Amino acid sequence: MSEIKETPDYSRNSSDNLESKGSQISTNDDEGREPTLEEMKTLRHVSDKIPLRCWLVAVVELAERFSYYGLSAPFQNYMQNTPEDTPKGVLGLNQQGATALSYFFQFWCYVTPIFGGWLSDTYWGKYKTITVFAVVYICGILLLFVTSLPSISNRTTALGGFVTSLIIIGLATGAVKSNVSPLIADQVPKSKPVIKVLKSGERVVVDPNITIQNVFMFFYLMINVGSLSVIATTQLEHHVGFWAAYLLPFCFFFVALLALILGKNQYVKVPVGDKIVNKTFRCVYIAMRNKFNLDAAKPSLHPEHNYPWSDKFVEEVRRALYACKVFVFYPFYWVCYGQMINNFVSQAGQMELHGLPNDILQAINSLSIIIFIPICERLLYPFIRKFTPFRAITKIFFGFMFAASAMVYAAVLQHFIYQTGPCYDHPKACAPEYRNVPNHIHVAIQVPAYALIGFSEIFASITGLEYAYTKAPVSMKSFITSLFLVTNAVGSALGIALASTSEDPKLVWTYTGLAVSCFIAGCVFWFLYHGYNDKEDELNRLEYASDDEYEQSTGLKPVASLTRSLKSLT
């Protein structure tokens, strides 16, 4: 009897192999293609890799912020107190005078970005503007250091040198500040969203907007790493003298200069537009004359006027105006933020310090941001994006709410200070023998106020920088960023107007009024602009329009098409 061999059934395996191969082909087809509208809504959005050259720009910002916060942290004591007070000072301007001058410095630092942004976008470019004003910055800190030396200065010399150095440092700060955040974002290649297939097989959207968001989060993290210099400079102020506190930022700023020199041929440098800022103002002026209708400035609708721009340029101006309108309510936020470097410092001086400088708690703000940024980037934001897009307007609204919460906490704390002896609602001022005796309440209770301000910055300040960059035309990134920064100057002007209330026993009402105004501003902001969340993707897509049309309108190409060095363009 012959043995009958069973023929194996390959049909199932063949089917599986075909299915597997088909899935692989489908996966390969997905990799790198542009997502559909449905995929944009349903797939998870992730960031692309951040180029290493971003780190060099970040070092510039870290060193600049190290110097800025390091030298400004001792300002309130330096201005408010005399050498006989505790804590010690120099100028003796009292709390009202010191707070007003502090707000003037903030105002000046954040109104000068208009000049820096215009100079950069019209003539010099970001890199040259930052480099030139870095040298000016160093000169300003040198003057501050020299005029604070006890051996060569008296009160009159110190006051003259202090005010002059504030003007020089503020001018340099504005020019650097308006250009360094656009420069770091310029280092990220501009590309449309694409599909990426992870090793797990999951399809995700590599979203350039998420990449830019992460770049600004990383950028702001570097700002706050640099701002930890307040720990060193306040200790130097307390144990050595103000001159030592100003010498450290002077020396450290050379790190920024070194990073600029090392990165000279590495940075992506967007060429300067043909008086692009002037064209923009002319375009807006035409719209204003036609009942704020920007279509009136489109060459396709009015060819008889021979406008020196294209329809796409007009749409870019429209997008930039969206950003500028969003910035209108920011001064109410900044006036609350500004309490950190003046009234909060004075408030700490009314409490028991237990050997700590009263201005060292500003470091809590930086530490809270350094802790919260990775949590937001890695956990909070991805978690929220699983359920709903976490748009810019929503984040800014939450920033206002956290700032208002910080003011509520400060008001309650001030109330408890006034309820505590020995001098109650006139700390250190009820009798000559109590001039240097604080009210009996521990300074550590002030920590949540700084932490709440820090959390608000992650939502409001970082998102504002991001919004200014992403909504600005490629040739106007610095100028639109400067318009965002100038809202801080307006907030400082409001702070100057309110400086007369910065005295005992009015401070509870000062903080309460700030809390209410910030809360109302945040609510009105949400009511007016929450609809912009729905338009965000549409506005962002303008960034990736065709290169040919972009060259026609501005003479420039998107950043992705630029070479790494300006030298190669010539």
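In this text the structure is predicted, and so the values were computed from the model without any measurement. One-based numbering along the sequence shown.
The aromatic rings of Phe115 and Phe133 sit perpendicular, their planes meeting at an angle over 60°, well past the 30° parallel limit. Ring geometry for Phe252 against Phe66 counts as parallel: the plane angle stays under 30°, on a 0 to 90° scale with 60° as the upper cut.
Sorted by first and then second residue, the side-chain hydrogen bond (donor to acceptor under 3.5 Å, both in side chains) pairs involving residues 251-263 (not counting sequence neighbours) form an empty list. The salt bridge (charged side-chain N to carboxylate O under 4.0 Å, His left out) contacts involving residues 126-141 comprise Lys126-Asp186, where partners must be two or more places apart or lie in separate chains. Evaluation of the side-chain hydrogen bond (donor to acceptor under 3.5 Å, both in side chains) test over residues 238-248, restricted to residues two or more places apart or in two chains, returns Gln235-His239.
Here the side chain of Arg53 pairs a donor or acceptor atom with the backbone of Gln187 at under 3.5 angstrom. For Arg319 (side chain) and Ala472 (main-chain N/O), a donor-acceptor pair under 3.5 Å exists by modelled atom type. Between the side chain of Thr129 and the main chain of Trp124, no donor-acceptor pair closer than 3.5 Å is present. Between the side chain of Thr164 and the main chain of Gly161, no donor-acceptor pair closer than 3.5 Å is present. For the pair Asn358 (side chain) and Val345 (backbone), a donor-acceptor distance under 3.5 Å is present. No donor-acceptor pair under 3.5 Å is formed between the side chain of Asn224 and the backbone N or O of Ser227. Between the side chain of Ser178 and the backbone N or O of Ala175 there is at least one donor-acceptor pair closer than 3.5 Å. Checking side-chain atoms of Thr487 against main-chain N and O of Leu483 turns up no donor-acceptor pair under 3.5 Å. Using modelled atom types, no side-chain atom of Thr99 and backbone atom of Ala499 make a donor-acceptor pair closer than 3.5 Å. With hydrogens and angles disregarded, a donor-acceptor distance shorter than 3.5 Å links the side chain of Asn81 to the backbone of Pro87.
Here the side chains of Lys395 and Gln213 are in contact, with some heavy-atom distance below 4.5 Å. With a 4.5 Å cut-off on side-chain heavy atoms, Ile364 and Leu361 count as touching. Here the side chains of Met407 and Ile453 are in contact, with some heavy-atom distance below 4.5 Å. Pro189 has its side chain out of reach of Pro208: every pair of non-hydrogen atoms, C-beta onward, lies at least 4.5 Å apart.
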Stepwise ring pair (Phe, Tyr, Trp, His ring centres under 6.0 Å) test for Phe525 and Phe332 = CA-CA 11 Å; Phe525 171 87; Phe332 295 98; over 10 Å; no
message = Apply ring pair (Phe, Tyr, Trp, His ring centres under 6.0 Å) to residues Phe219 and Tyr469 and explain how you reach the verdict.
response = CA-CA 13 Å; Phe219 173 78; Tyr469 182 86; over 10 Å; no
task = Decide yes or no on side chain to side chain contact (heavy atoms under 4.5 Å, CB included) for Ser492 and Asn488, but give the supporting numbers first.
result = CA-CA 6 Å; Ser492 299; Asn488 200 321; 3.8 Å; yes
request  = Let me see the working for Ile168 and Ile141 under side chain to side chain contact (heavy atoms under 4.5 Å, CB included), right down to the final yes or no.
outcome  = CA-CA 8 Å; Ile168 296 172; Ile141 304 176; over 6 Å; no
ask   = Met217 and Ile462: side chain to side chain contact (heavy atoms under 4.5 Å, CB included), yes or no, with the steps?
value = CA-CA 7 Å; Met217 295 273 276; Ile462 297 177; 4.0 Å; yes
message = Before you tell me yes or no, could you show the steps for Ser165 and Thr147 under side chain to side chain contact (heavy atoms under 4.5 Å, CB included), namely the whole-Å CA-CA distance, both residues' side-chain angles and the distance that decides it to 0.1 Å?
response = CA-CA 9 Å; Ser165 65; Thr147 55; 5.6 Å; no
ask   = Step by step, would you call Gln446 with Gln347 a side-chain hydrogen bond (donor to acceptor under 3.5 Å, both in side chains)?
value = CA-CA 9 Å; Gln446 199 185 33; Gln347 185 183 64; 2.9 Å; yes
request  = May I have the step-by-step check of side-chain hydrogen bond (donor to acceptor under 3.5 Å, both in side chains) for Asn214 and Thr211, ending in yes or no?
outcome  = CA-CA 5 Å; Asn214 287 352; Thr211 308; over 6 Å; no
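Once rounded to the nearest 0.5 Å, the distance linking CZ of Phe242 with CG of Leu149 reads 13.0 Å. To the nearest 0.5 angstrom, Ser120 atom OG is 13.5 Å from Tyr127 atom OH. Within the model, atoms CH2 of Trp108 and CD1 of Ile167 stand 7.0 Å from one another, a figure rounded to the nearest 0.5 Å. Expressed to the nearest 0.5 Å, how far CD1 of Ile369 lies from CG of Leu221 amounts to 9.5 Å. Rounded to the nearest 0.5 Å, atoms SG (Cys324) and CG (Leu321) are 6.0 Å apart. Taking CG of Leu247 as the start and OG1 of Thr233 as the end, the distance is 12.0 Å to the nearest 0.5 Å.
With sequence neighbours excluded, the residues forming a ring-ring contact (aromatic ring centres under 6.0 Å, His included) with Phe327 are Phe484, listed by chain and number. With sequence neighbours excluded, the residues forming a side chain to side chain donor-acceptor pair (under 3.5 Å) with Tyr220 are Glu457, Ser461, listed by chain and number. Under the side-chain contact (heavy atoms from CB on, under 4.5 Å) criterion, Leu494 pairs with Pro331, Val335, sequence neighbours left out. Taking the ring-ring contact (aromatic ring centres under 6.0 Å, His included) definition, one finds that Phe218 meets it with Trp55, sequence neighbours left out. With sequence neighbours excluded, the residues that form a side chain to side chain donor-acceptor pair (under 3.5 Å) with Thr82 are Glu84, Asp85. Every residue two or more places apart in sequence or in another chain that forms a side chain to side chain donor-acceptor pair (under 3.5 Å) with Ser456 is listed here: Tyr333. For Phe145, the ring-ring contact (aromatic ring centres under 6.0 Å, His included) criterion is met by no residue, not counting sequence neighbours. Under the rule for a side chain to side chain donor-acceptor pair (under 3.5 Å), the partners of Tyr103 that lie at least two apart in sequence or sit in another chain are Gln339. Applying the ring-ring contact (aromatic ring centres under 6.0 Å, His included) criterion to Tyr137, with sequence neighbours excluded, gives Phe253.
The closest side-chain donor-acceptor pair between Gln96 and Ser500, if any, does not fall under 3.5 angstrom. Remark: the Asn77 side chain and the Glu237 side chain contain an N/O donor-acceptor pair separated by less than 3.5 Å. Between the side chains of Ser346 and Asn343, no donor-acceptor pair is found at a separation under 3.5 Å.
Phe397 and Phe459 have their aromatic ring centers separated by at least 6.0 angstrom. For an aromatic pair to be called close, the ring centres must be under 6.0 Å apart, and Trp334 with Tyr337 satisfies this.
Electrostatic pairing of Lys177 and Glu61 counts as a salt bridge here, judged by a charged N lying under 4.0 Å from a carboxylate O.
Relative to the ring axis of Tyr68, Arg65 places its NZ or CZ within 45° and under 6.0 Å from the centre.
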